[in-house]
Amino acid sequence: MAWWLMKSEPEVYGIDHLAAEGTTLWDGIRNYQARNFMRSMAVGDQAFFYHSNASPPGIVGLMEVVETGLVDPSQFDPQSHYFDPRSSRDQPRWDCVRLAFRGRFARLLSLEELRSGFSVEDLAVVRRGNRLSILPVADAIAARLLETLGPVQS
DNA sequence: GCCAACGTTGGC
DNA sequence: GCCAACGTTGGC
């Protein structure tokens with residue numbers, strides 16, 4: 001079982017949306033590195049939900065991968081912000097996973113706090129200007145995060 | 001294959 | 001709104 005950190009803007013899709021829906025398709029990823037991380041996910045993997053472009057930004061909850069290898073439908077939709085004219089049904093370019101809500105942490109673990117307790121080697125999200133929306137988290141670092149945050153409340 | 005121009009993310 | 005970081009694109 002692997003650990004991940006996945007970012008989303010709470011105004012667009014935050015932990016409250018996921019809590020209400022139960023599960024969601026993590027679609028709209030248009031970065032090859034992030035896509036490749038999704039491709040390496042397995043059912044049962046856990047992901048920290050990170051609120052980006054928030055005040056303050058930080059980790060708010062926990063998710064679990066419940067389905068992998070799904071074609072991202074938004075790439076075919078001309079109305080979608082994520083439409084990709086280079087994609088075809090025969091040769092889709094983007095895929096995604098389905099995630100389930102596992103709970104909120106009792107408090108937010110802010111980026112500022114992450115920077116004071118973790119190095120760039122530990123957790124890429126602490127690097128200034130980091131743009132990758134999906135990042136792997138080493139087991140030992142995940143354990144430290146969970147230790148800091150305590151159990152989730154579902 | 002190089003690299004300049006451009007676009008996007010996201011903190012501040 | 002600014003800007004750092006960095007991926008992508010396209011001319012050559």
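Order of the sequence lines sets the chain letters (A, B, ...), proteins ahead of strands, with each chain counted from 1.
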>> Between A/Tyr32 and A/Trp94 (judged by ring centroids, cut-off 6.0 Å), do the two rings come close enough to count as a pair?
In response: yes
Side-chain donor/acceptor pairs under 3.5 Å, residues 108-116 of chain A, sequence neighbours excluded:
from	atom 1	to	atom 2	distance (Å)
A/Ser110	OG	A/Glu113	N	3.1
A/Glu113	OE1	A/Arg107	NH1	3.1
A/Glu113	OE2	A/Arg107	NH1	3.3
A/Glu113	OE2	A/Arg107	NH2	3.0
A/Arg115	NE	A/Val126	O	3.0
A/Ser116	OG	A/Glu113	O	2.9

Polar atom pairs (N or O), protein with nucleotides 5-9 of chain C, under 3.5 Å:
from	atom 1	to	atom 2	distance (Å)
C/dC6	OP1	A/Arg127	NE	3.0
C/dC6	OP1	A/Arg127	NH2	3.1
C/dC6	O2	A/Arg131	NH1	3.4
C/dC6	O2	A/Arg131	NH2	3.1
C/dG7	O4'	A/Arg131	NH2	2.6
C/dT9	OP1	A/Arg86	NH1	2.5

Only distances under 3.5 Å count here; give the side-chain donor-acceptor pairs of residues 62-74 of chain A to other protein atoms, sequence neighbours excluded, each with its distance to 0.1 Å.
from	atom 1	to	atom 2	distance (Å)
A/Glu64	OE1	A/Arg102	NE	2.9
A/Asp72	OD1	A/Ser74	N	2.9
A/Asp72	OD1	A/Ser74	OG	2.6
A/Asp72	OD2	A/Gly28	N	2.8
A/Asp72	OD2	A/Arg30	NH1	3.0
A/Asp72	OD2	A/Arg30	NH2	3.4
A/Asp72	OD2	A/Ser74	OG	3.4
A/Ser74	OG	A/Arg30	NH2	3.0

>> In terms of relative ring orientation, are A/Tyr13 and A/His17 parallel, tilted or perpendicular, with 30° and 60° separating the classes?
In response: parallel
> Expressed in angstrom and rounded to an integer, what is the separation of A/Leu114 atom CG from B/dC12 atom P?
Replying inline: 11 Å
>> When you compare the side chain of A/Ile15 with that of A/His51, does any pair of heavy atoms fall below 4.5 Å?
In response: yes
